[in-house]
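Protein chains get the first letters and strands the later ones, always in sequence-line order, with residue 1 at the start of each. No hydrogens, no waters, no symmetry mates; every other heavy atom, side chains included, goes into these values.
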Protein chains: 2
Amino acid sequence: MSTKSSPRAPQRSRTASLNRRERAIDHRAAGSAAAPTFKPIHTRRTFEEICERIREQLALGVLKPGDKLPAERELAQQLGVSRNVLREALRSLEMAGVLRLQKGVKGGAFIQQGDTRRMNEVMRDMLSLGTISVRELSEARVHVLDLVVQLACANARRADLDALEANIERTELATREGRLLDRVECSREFYKLLAASTGNKVIAMIVDSVTEIHMRFVYAKVASSGVAMARLAEKRRQFLAALSERNVALASRLLRSHLESVQRMLEQDPGAMSLHVALADVQPGLRR
Amino acid sequence: MSTKSSPRAPQRSRTASLNRRERAIDHRAAGSAAAPTFKPIHTRRTFEEICERIREQLALGVLKPGDKLPAERELAQQLGVSRNVLREALRSLEMAGVLRLQKGVKGGAFIQQGDTRRMNEVMRDMLSLGTISVRELSEARVHVLDLVVQLACANARRADLDALEANIERTELATREGRLLDRVECSREFYKLLAASTGNKVIAMIVDSVTEIHMRFVYAKVASSGVAMARLAEKRRQFLAALSERNVALASRLLRSHLESVQRMLEQDPGAMSLHVALADVQPGLRR
DNA sequence: TCCATTGAATGGGTGATCCATTTAATAATT
DNA sequence: AATTATTAAATGGATCACCCATTCAATGGA
């Protein structure tokens with residue numbers, strides 16, 4: 001530190017440590033015994049190298065949430081790369097939810113607590129790119145929610161049930177006051193709470209990611225047509241009762257039947273339900 | 001096109017279209033009726049804006065896999081931003097699996113077919129950051145695989161079963177030849193094939209993401225201790241038979257019991273099974 | 001016809017410079 | 001003494017002007 005070495009001095013051998021690594025050969029043999037393939041390589045770029053090194057420090061536990069990386073100018077010098085390319089790496093990590101960059105003195109790159117919403121983005125991109133279909137997503141959601149009900153019945157704690165109860169009350173209020181879009185937000189929250197009540201963050205993350213997309217469709221439908229699921233809060237109450245009694249079979253049946261009726265609602269007038277409408281963002285509450 | 005306007009001319013009003021947008025207020029009301037919060041904002045940065053615009057074009061279907069974006073220099077000019085900041089955006093999108101950048105004449109930024117492996121990275125980051133635990137991951141995996149067995153029994157096609165059969169044969173070969181680590185790779189592939197046989201890419205993606213991490217642990221264990229699951233191929237054969245007969249109950253039981261025995265194997269000598277060992281990469285076949 | 005050469009376009013990377021924000025230290029004011 | 005402005009430094013945000021390495025189509029010679 002402090003040895004800043006007079007500014008403007010272009011010391012550092014142009015292409016330094018990180019660049020120009022020899023190209024490794026891909027030796028994956030795996031399944032089909034022998035048959036060495038010689039393809040990938042892909043000329044490791046320096047920003048990839050940087051990302052990987054930082055992720056490595058993370059995996060090794062050297063870097064932990066809350067830690068701060070050196071300032072951009074300093075870190076760039078340490079790594080022997082230009083500040084610009086370092087920033088590309090930091091940007092990527094920031095988008096990945098690993099870092100957060102903060103301006104000002106005392107600012108810097110801080111390791112974040114993991115943001116589970118990242119999986120939502122993955123799902124959204126996969127859908128945008130046509131890698132997965134809406135049908136697959138809906139189907140997966142039904143199955144995963146079925147699993148969630150089982151786990152929630154087994155593991156839901158009192159606090160979880162209370163949170164669901166409170167959510168239902170908000171749903172009733174929104175219904176009475178005719179705030180249909182708020183009611184959709186309540187639904188989104190309902191599934192989030194339900195997922196959380198499984199006590200497993202991995203499951204919760206998965207459920208959230210498929211539900212987030214689904215709710216965009218519901219939102220778009222409600223916003224455009226003004227239709228609304230009848231007796232929503234009532235159905236929720238019945239479901240919560242079954243959950244509280246740890247009645248897996250009943251809870252499962254109730255939820256499944258509800259999901260089916262929502263699906264029917266969405267599938268009326270299918271023309272309006274284009275992917276684009278639902279994904280093309282800018283809907284309150286659904287923004288990150 | 002062609003109107004390149006004499007180079008070196010600094011036309012463009014310093015902070016152009018993309019920068020300096022007024023800060024919007026967050027109006028989410030959602031659940032708890034009224035009570036407008038005034039927090040987030042987060043000073044939109046230009047690279048975020050760029051990413052979002054490109055994703056928007058994607059969601060709208062204007063951009064599709066295979067399409068090419070304008071060259072960096074040109075696109076930067078179109079957007080009224082510097083090339084560097086545009087590159088930050090492109091980097092992020094590339095890391096997100098949305099784009100692929102290719103050098104040379106006829107190179108450029110090409111929209112990719114979605115890469116489902118991205119979810120693996122999310123899981124890995126969440127684990128590195130301590131947002132999810134190994135226990136949650138294992139538990140989720142067991143449950144999700146249970147679901148997979150149900151779906152595979154219902155939907156697996158002949159080709160899927162054949163692929164699994166071929167995989168088992170490779171496993172037997174690796175076993176006979178004592179290639180233990182290759183056998184782990186076979187296992188990884190087995191679950192990938194099993195997941196694919198559900199016919200649902202969303203489910204498959206989820207399974208792959210949890211399995212990828214799990215297999216790192218198995219790999220590390222096998223590599224360090226030389227232990228190996230006994231009668232692996234035999235167990236796989238039994239399972240495949242049950243699957244072929246669409247016998248959900250039996251297939252489910254067989255898989256669950258196998259998973260439990262693997263878990264027991266992993267949990268011997270727990271000291272060696274640190275997160276860091278398994279996550280700190282550089283294992284053949286597990287690289288992207 | 002075929003193969004070597006060349007040159008332009010493109011992404012990869014660098015270094016210098018400026019701006020805007022944030023915070024702590026300092027000075028001015030009450 | 002306490003409070004309030006002011007200032008200065010550090011940091012991320014962004015720009016500009018280059019240069020390099022790779023790729024591939026066009027060109028030209030054998």
Side-chain angles (χ1 to χ4, degrees), chain A residues 1-2 4-21 23 41-51 68-77 79-94 99-110, chain B residues 1-2 4 6-21 23 41-51 68-77 79-95 99-110:
Chain A
M1 16 237 146
S2 84
K4 278 253 181 158
S5 83
S6 73
R8 204 118 330 156
Q11 89 287 42
R12 183 199 317 175
S13 63
R14 194 93 189 152
T15 50
S17 50
L18 271 178
N19 297 346
R20 320 278 106 236
R21 347 193 84 222
R23 285 77 162 125
I41 294 184
H42 200 215
T43 322
R44 190 65 140 233
R45 287 164 299 178
T46 82
F47 90 95
E48 292 178 295
E49 193 81 28
I50 297 172
C51 281
K68 189 175 100 169
L69 297 184
E72 289 184 355
R73 292 161 175 86
E74 186 187 332
L75 184 53
Q77 199 175 37
L79 291 168
V81 300
S82 76
R83 195 178 154 214
N84 282 333
V85 80
L86 171 64
R87 296 184 103 239
E88 289 180 10
L90 294 180
R91 279 288 109 81
S92 300
L93 291 170
E94 190 187 17
L99 294 180
R100 179 169 147 243
L101 301 184
Q102 214 161 8
K103 277 214 279 193
V105 58
K106 293 296 160 188
F110 296 87
Chain B
M1 17 253 156
S2 84
K4 279 254 182 159
S6 73
R8 205 114 334 153
Q11 89 287 43
R12 182 200 318 174
S13 62
R14 194 91 187 152
T15 50
S17 48
L18 271 177
N19 298 347
R20 319 278 105 235
R21 350 193 81 222
R23 284 77 163 127
I41 292 186
H42 200 214
T43 321
R44 192 66 139 222
R45 286 164 301 176
T46 84
F47 90 97
E48 292 178 295
E49 193 82 28
I50 297 172
C51 281
K68 189 176 100 169
L69 297 184
E72 290 183 356
R73 291 162 176 87
E74 188 187 337
L75 185 52
Q77 198 175 40
L79 292 168
V81 300
S82 77
R83 195 180 154 214
N84 282 342
V85 80
L86 171 65
R87 296 182 102 239
E88 288 179 10
L90 295 180
R91 279 288 108 81
S92 299
L93 291 170
E94 190 187 17
M95 291 309 266
L99 294 179
R100 180 169 146 241
L101 301 185
Q102 214 161 7
K103 276 214 278 193
V105 190
K106 296 297 161 189
F110 297 88

>> Output the rounded distance in Å from NZ (A/Lys68) to C1' (D/dA10).
In response: 9 Å
>> For B/Leu69 and B/Val105, find the nucleotide of DNA chain C closest to each by heavy atoms; which residue's nucleotide sits nearer the 5' end?
In response: B/Val105
> DNA chain C: A/Lys106 or A/Glu88, which has the more 5' nearest nucleotide?
Replying inline: A/Glu88
> Is the shortest side-chain N/O distance from B/Arg45 to OP1 or OP2 of D/dA14 below 4.0 Å?
Replying inline: no
> What nucleotide among D/dG13, C/dG12, D/dC16 has an atom nearest to a side-chain atom of A/Asn84?
Replying inline: D/dC16
> Looking at CD1 of A/Ile50 and CZ of A/Arg45, how far apart are the two atoms once the value is rounded to the nearest 0.5 Å?
Replying inline: 12.0 Å
>> How many whole angstroms separate atom CD of A/Glu48 from atom C1' of C/dG13?
In response: 14 Å
>> With a cut-off of less than 4.0 Å, is there a side-chain N or O of B/Ser82 near OP1 or OP2 of D/dA14?
In response: no
> Given atom CZ of A/Arg87 and atom P of C/dT17, what is their separation to the nearest angstrom?
Replying inline: 18 Å
> Are the side chains of B/Glu49 and B/Val81 in touch, meaning some heavy atoms are under 4.5 Å apart?
Replying inline: no
> Which atom pair, heavy atoms only, marks the closest approach of B/Ala89 to B/Phe47?
Replying inline: CB-O, 3.8 Å
>> If I take atom CZ in residue A/Arg100 and atom P in nucleotide D/dG12, what distance separates them, rounded to the nearest angstrom?
In response: 13 Å
> Just wondering, more than 12 heavy atoms not from A/Lys68 lying within 6.0 Å of its NZ?
Replying inline: yes
> Has the side chain of B/Arg91 got a donor or acceptor that lies under 3.5 Å from a partner of the other kind on the base of C/dG12?
Replying inline: no
> Taking atom C1' of D/dT15 as reference, at what distance in whole Å does atom CD1 of B/Ile50 sit?
Replying inline: 13 Å
> Which nucleotide in the list D/dT22, C/dT10, C/dT21 gets nearest to the side chain of A/Lys103?
Replying inline: C/dT21
>> For a quick check, tell me whether the side chain of B/Arg83 and the base of C/dG12 share a donor-acceptor pair closer than 3.5 Å.
In response: yes
>> Please determine whether any donor N or O and acceptor N or O are separated by less than 3.5 Å between the side chain of B/Arg73 and the base of C/dG11.
In response: yes
> What integer distance in Å separates A/Leu86:CG from C/dG12:C1'?
Replying inline: 15 Å
> A/Phe47 has an atom CZ; how far is it from atom P of C/dG11, in whole Å?
Replying inline: 14 Å
> Any Lys/Arg nitrogen of A/Arg91 or A/Glu94 sitting under 4.0 Å from an Asp/Glu carboxylate oxygen of the other?
Replying inline: yes
>> Could you tell me how far apart A/Gln102 (CD) and D/dG13 (P) are, to the nearest whole angstrom?
In response: 10 Å
